[in-house]
Amino acid sequence: MILSKRYQEFQDWVRQFARKEVAPRAKELDKKEEFPRDLVKRMAELKMLGIFIPEEYGGAGLDTLCYAIAVEEVGRVCGSTGIFLAAHSSLGVFPIYHAGDEKQKSRWLIPLVKGEKIGSFGLTEPNAGSDAAATRTTARLEGDFYVINGIKRFITSGSIADIIVFTATQDPSKGHRGISAFVVEKGTRGFSYGRNEDKLGLRGSITSELIFEDCRIPKENLLGKEGEGFKVFMDTLDGGRISIGALALGIGEGALDAIINFVQQAQESGQPLKKNQWIQSMVAEIATELESARLLVYQAAQLKDVGIPFIKESAMAKYYASKVGMKATSIALEIFGADGLTDEYPVERFMRDEKLMEIGEGTSEIQKIVIARQILGK
Amino acid sequence: MGLIIFNDEQTLIQNEVKKFVKDKLSPIADEIDKKEKFPEEIITTLTELGLMTIMVPEDYKGAGLDCTSLCIAAEELSKECASIGLVMVVNNCLVGYALSRYGTQFQKTQYLNSLSDGVIGGYGFCPEINNPERLLKSEKKGGNFVLSRGNGFILNGAVAEFILFSNFQEKKFLLFPKQAGLKLKNQYILGMRSAGIVRFEFNQIEVPETSSFSFDNKVFDLAYIGFSAVGLGIARAALDSAIKYAKERKQFGRPICEFPMVQELITKMKIAVETSRLLVYESAKCFDNNEDSSLIANITRVYVTETAVLCGLNAIQVYGGYGYTKDYPVERYLRDAKTLQVLLGQPYLAKSLIAKEILL
Ligand SMILES: Cc1cc2nc3c(=O)[nH]c(=O)nc-3n(C[C@H](O)[C@H](O)[C@H](O)COP(=O)(O)OP(=O)(O)OC[C@H]3O[C@@H](n4cnc5c(N)ncnc54)[C@H](O)[C@@H]3O)c2cc1C
């Protein structure tokens, strides 16, 4: 796809940032399970935390395509920083921008976009994963407050977030029509964190359990209308999938970058490895697949930007990019051999990070269901 | 399945290993993995049971059993803990078998004999594709070899008392005890984290010329079959976990095993596991019958290790977010499987060997 000059310039700029400032931190973040506060600060300075948010709210005033490109380029060097950027922007910032009123926007959106606060999104529960409408977290209106009870699981940046958008039901018997979206701020009484997950990959990203025990949040923290929370979240996820697709693509491209570097320098029985047809075949295949994934991701972003329905396209982008990305990272190890298993190269990390892309924000199976429904009808 | 038929002795081994796994290994397997340390105590017990020298001839105090028995033991052990399966396979194939097939009388008496007393042997190699600067370099000087260069991995290296280094260019092994000039380094690797795999570097080591001896492909045929048995164990463990979880986990009001897309993930695993089993025991039988087994060994290695990786990936997928955490063993299956798949050489190298045999 030919990007117009404006996007090319943005791509160059964000790639420079990723390579110069993010890449040198990636290995360490993974090793030490360190959350990159320094990079969050830098990204805030560079207006990367609200790329698609209008300037009046402190954002960069750009669009979804720029955002996807940014997530891709950051993910290409560091999955953990990439997932932070994607979760903060798509899941923290977006629902407030999308469903919040002006008061809520000035209270929460602006500090999130400026990076003064960290955002997070609590949908998943122990028994409500793919079936997000099975939310058991409850909200009960008592005077000017909602009283919240329940547990959220696997929440990206959960225990370090200042502003958390989450779902709760006022009437479980109503299914998704009983669900509303709320915001809780860090430090609210009755709101606490369970442990952080010990994960296969994305180890520089924090994944937490959130606990609500008779947590009282003011009525003004309702996001949108009562009973419309599920829609807020579905809209959020449709967009979020573009960013996970972009991240999956970026990680896959990171693996390809590493392969290219390795193959161009390696020798096999005195011959340059790049002349080996076994290698050429693998490299050509994954490069082609990643290129196709990029087209899907950019297409979904562009559709969103021009306001054309993009549900099918964003599901396809996420499904396909994570699939070919997983393959690329897996093949990277098959090309590197034993050396690739060590932390001298980034390829084993890319493989560990990439697996989440087939799971988070709707598993590949759920994406296929979404795609099939769009094509075949409900 | 009727194609794989074990004789009485092999069935006995299978029952014994299963019992050991259930009584002794299962209760601590998790702990071993979490510690990511070489499990010396368990290995001592394996030595007592004769499993660490299962293929070593009785003349050298081994159990004198066949490759099929080795695979049975490796499969069962690896189902619980692949690192332990790998340690056992390395000791039997790349150390024990290499010594008994190619070693000098002195080496057999000195080293092979010691294995049944609990001495562990290591296997060192430099990855084949590489910066040539890292490959093994040895020069003759008087009656000695001087090893001035070489940089690679030692399997079982954390506890090995002696090491066999393979020099693929010359098809020669070099065997010597751990000694000065051999720099060992613990290094992070993706999987098999309890198997004691370490990095090495030579720094001007002198070893007597008599420590070098030639080898042929047969030792690697055996190693690939043994590695495949480990892969089969991992794949089965992943399959069993996925089946169990899919029956328990409910979403949308029903067990996820009722969804065809989950069924697809798991049936793919099942088909590949059953095929892998046939391949592992077919190649073991070829080896035991003294047939040329290099083609089947390479086929088996490519297919079975790929199966193990597929099973690791699919098991994580069935577990969803839970599979991505260390609360469940499935993420370890993927790491171990991927490690196994590439450790002894890139899969495409094995494929090119297959191609050579059938085409060129
Ligand atoms: C690192 C990480 C970060 C995350 N971040 C967030 C976050 O910030 N916010 C948040 O809310 N959540 C987050 N999640 C949760 C994530 O979105 C869920 O894990 C995911 O939606 C799957 O849910 P589950 O884990 O309960 O799996 P399950 O829903 O139990 O799925 C298990 C298996 O069943 C399959 N399956 C389920 N239903 C069907 C069906 N109807 N048809 C066919 N197959 C089906 C699935 O595809 C999967 O293979 C995160 C998870 C992880 C691991």
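Within every chain, numbering begins at 1; the chains are lettered A, B, ... in the order of the sequence lines, protein sequences first and strands thereafter. These values consider heavy atoms only, across backbone and side chains, with no hydrogens, waters or symmetry-generated copies.
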Do you know which of [options] has the most heavy-atom pairs under 4.5 Å to chain A?
options                        : value
B:I256, B:L343, B:V262, B:T325 : B:T325
B:T339, B:L344, B:V309         : B:T339
B:Q341, B:E331, B:K338, B:M261 : B:K338

Leading residue by heavy atom contact count with chain B [cutoff under 4.5 Å; candidates [options]]:
options                        : answer
A:M326, A:M351, A:M282, A:R349 : A:M351
A:G360, A:A133, A:G270, A:G201 : A:G201
A:K368, A:E358, A:K31, A:E365  : A:E365

Note to self: Could you report the tightest heavy-atom contact between A:F154 and B:G321, atom names first, then the distance?
What the structure shows: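 Of all heavy-atom pairs spanning A:F154 and B:G321, the closest is CZ-C, 3.5 Å.
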Next item on the list: Please report the shortest heavy-atom distance between A:S130 and B:F252, naming the atom on each side.
Entry: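 In terms of heavy atoms, the two residues are closest at O-CZ, 3.5 Å.
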Once rounded to the nearest 0.5 Å, what's the spacing between atom [atom1] of [X] and atom [atom2] of [Y]?
X      : Y      : atom1 : atom2 : answer
A:D339 : B:I189 : CG    : CD1   : 11.0 Å
A:I331 : B:Y348 : CD1   : OH    : 12.5 Å
B:Y328 : A:L200 : OH    : CG    : 15.5 Å
B:I316 : A:I359 : CD1   : CD1   : 6.5 Å
A:I335 : B:Q346 : CD1   : CD    : 9.0 Å
A:E197 : B:K326 : CD    : NZ    : 12.5 Å

Salt bridge or not for [X] and [Y], using N-O below 4.0 Å?
X      : Y      : answer
B:D327 : A:R153 : yes
A:D131 : B:R254 : no
A:E334 : B:K351 : no

Would you mind checking which part of [X] comes under 4.5 Å of any heavy atom in chain B, side chain (CB onward), backbone (N, CA, C, O), both or neither?
X      : answer
A:S364 : both
A:S330 : both
A:N276 : side chain

Counting C-beta onward and ignoring hydrogens, is there a side-chain heavy-atom pair between [X] and [Y] closer than 4.5 Å?
X      : Y      : result
B:Q317 : A:T363 : yes
A:R352 : B:L190 : yes
A:L341 : B:M192 : no
A:T342 : B:F153 : yes
A:E344 : B:Q187 : yes

Notebook entry, point to check: Sub-3.5 Å donor-acceptor pair from the side chain of A:K355 to the main-chain atoms of B:Y324, do we have one?
Noted result: no
Notebook entry, point to check: Are the side chain of B:Q251 and the backbone N or O of A:G129 linked by a donor-acceptor pair below 3.5 Å?
Noted result: yes
Notebook entry, point to check: Side chain, backbone, both or neither: which part of B:R332 has a non-hydrogen atom closer than 4.5 Å to chain A?
Noted result: neither
Notebook entry, point to check: With only heavy atoms counted, which part of B:Y322 is less than 4.5 Å from chain A, the side chain, the backbone, both or neither?
Noted result: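 Both parts, backbone and side chain.
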Assess whether atom [atom1] of [X] is packed by more than 12 heavy atoms of other residues, nucleotides or ligands within 6.0 Å.
X      : atom1 : answer
B:R249 : CZ    : yes
B:E248 : CD    : yes
B:K268 : NZ    : no

